[in-house]
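Some notes on the structure that comes next.
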There are 2 protein chains.
Amino acid sequence: MSLGGLLGEGSGAALQQVRTEPIQQRSAARLSGLLDAAAAVVDEVGFDRITTAMVAERAGASIGTVYRYYPDRVAVLHALHERAVARFRQRVVDELGASTLTSWWDAVDCVVTAFVGLYRTEAGFRIVNFDDRDGAPAADAVADADFFARRLADVLVNEFDLPSGDDLIFRLGVAVEMADALLARAFYSNPLGDERFIAECRLVMRDYLDRFYSPQALDLLATVS
Amino acid sequence: MSLGGLLGEGSGAALQQVRTEPIQQRSAARLSGLLDAAAAVVDEVGFDRITTAMVAERAGASIGTVYRYYPDRVAVLHALHERAVARFRQRVVDELGASTLTSWWDAVDCVVTAFVGLYRTEAGFRIVNFDDRDGAPAADAVADADFFARRLADVLVNEFDLPSGDDLIFRLGVAVEMADALLARAFYSNPLGDERFIAECRLVMRDYLDRFYSPQALDLLATVS
DNA sequence: TGTCACCGAGTGGAATTCAATCATCCTGGC
DNA sequence: GCCAGGATGATTGAATTCCACTCGGTGACA
């Protein structure tokens, strides 16, 4: 599968995001324009103060247009989130391709770098990342994290011979949660990201995974079995 | 200061939560009655289906009364969260008092246990802690975490002779973020908490802090300086 | 000329306000 | 001590505002 495998065909739950698939070309621009507007607005007023009217106005469209494409307010935020995640995956792949990977650690480091990069450049990403929330069935925040953990696991297994299995996925899931929390914290007060938290995130990732997947740990595992 | 020091006079940012401080006694009951009602309702219908009218009715009050005390709908939920956090502090103190602490690790363990207990018993906390952690203005969440880290640092310094200073506070802050994320994840899909995540949380806490504050690490630090 | 896109006033329900009313506290005269 | 009655806090709920979402009508493309 190689590294490109991280680019899934979509998140775990490929939900019915768009109401009407655009047929004429101009609509595609409208669609992403709406998302750009939503991203900008969410950055300015925050997650729950965003209104459909704001998004429409910012996008130079009317309320009706918003509802032509999205069934309701949160669907817009979902779509924004989906796009951000897609870009995140793409960035991870780019990052992985641009580096020479000598161990799984390099891959994990690339993921952190990609995440930090997105925080810095993607408007609204900070607000909507894995911690995305919506109504009761906000399952996809967790689902996304799990899905991503699964993909990453595939890469690590195939490229670096980590032992596959539920344990690996679980631990990557744990790592993702921790990284997400730490990086969110890093960007909470500092728009460019508090380097101290970012560095500590990398350190924690490595220490945590080293416990199970360092060469020594793997050797030990091999001799036992 | 002893363990009681964890009980601060309030959160780090004593935000303007309540519109009007109640003066007459009956209002105190009203206030907590409103929060109890909010907790019950949020447990039943979820974070964004809760309406001010529901809270008012459940509390046996009128809409106006809600707005007398809270500036808007989400402020009520914030307040609910604050109260839960306050109870968490109390619970930590109880927990610490009931255990015989032989090392800083026992104290950290107590904190985790208290937090888990909070999730399990405090109505609505599971929901609120999720959705309150919403988009941008998690201002007081971070403030709370920092404040708590500071208090905990005081305890650990005084009781277990950990080296005080910014490093300790920073690392406890990191630990708190991680624990918060992992426990949130543990309770996300399972109301009783996924034991695997809880256990992993304890493990991570210990490993992370051991790196700096294990007896060996401390000895090393002592011989160097 | 038939779709496709788009618009924006209109609808309904929830959030929030506020003037009126009730409850409690306080003060001073007895 | 006790009580009248003004002052101030607390409560109410109808009225208002806000906002998500609908829908009939207008232009644009093929």
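This is a predicted model, so every value here is computed, not measured. Below, read A as the first sequence line, B as the second, and so on, with proteins coming before strands; counting in each chain starts at 1.
- An OP1 or OP2 oxygen of dG8(C) is reached within less than 4.0 angstrom by no side-chain nitrogen or oxygen of Ser62(A).
- Atom CG in Asp48(B) sits about 16 Å away from atom C1' in dG13(C), given to the nearest Å.
- The nearest heavy atom of DNA chain D to Gly64(A) and to Met54(A) marks one nucleotide each, and the one closer to the 5' end goes with Met54(A).
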**Prompt:** Going through the distances and angles, do Thr121(A) and Arg91(A) end up as a side-chain hydrogen bond (donor to acceptor under 3.5 Å, both in side chains)?
**Reply:** CA-CA 12 Å; Thr121(A) 62; Arg91(A) 199 181 268 257; 3.0 Å; yes
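- Across the protein-nucleic acid pair, Arg49(A) atom CZ and dC18(D) atom P stand 15 Å apart, rounded to whole Å.
- No donor-acceptor distance shorter than 3.5 angstrom exists from the side chain of Thr65(B) to the backbone of Ala61(B), with no hydrogens or angles considered.
- Residue Ile63(A) places its side chain closer to dT22(D) than to any other of dT22(D), dT16(C), dA20(D).
- Considering only side-chain atoms of Arg30(B), the nucleotide from dT12(D), dA15(C), dT17(C) that sits closest is dT12(D).
- For Arg68(A), whose side chain is taken as the heavy atoms from C-beta onward, the closest listed nucleotide among dT12(D), dC4(C), dA20(D) is dC4(C).
- If you take OH of Tyr70(B) and C1' of dT17(C), they are 19 Å apart, rounded to a whole angstrom.
- The side chain of Tyr67(B) contributes an N or O atom lying less than 4.0 Å from OP1 or OP2 of dT16(C).
- Looking at the side chain of Arg73(B), the nearest of the listed nucleotides dC6(C), dA15(C), dT12(D) is dA15(C).
- Look at Tyr69(A) and you'll find a side-chain N or O under 4.0 angstrom from OP1 or OP2 of dC6(C).
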**Request:** Just do the side-chain contact (heavy atoms from CB on, under 4.5 Å) check on Phe187(B) and Leu182(B) with the steps written out, would you?
**Result:** CA-CA 9 Å; Phe187(B) 282 89; Leu182(B) 255 28; over 6 Å; no
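- With a 6.0 Å cutoff to the six-membered ring centre and a 45° limit on the axis angle, Arg196(A) counts as a cation-pi contact of Phe170(B).
- The residue Thr51(B) sits close only to the backbone: its heavy atoms come under 4.0 Å of sugar-phosphate atoms, none of a base.
- To the nearest angstrom, P of dC19(D) lies 12 Å from CG of Asp72(B).
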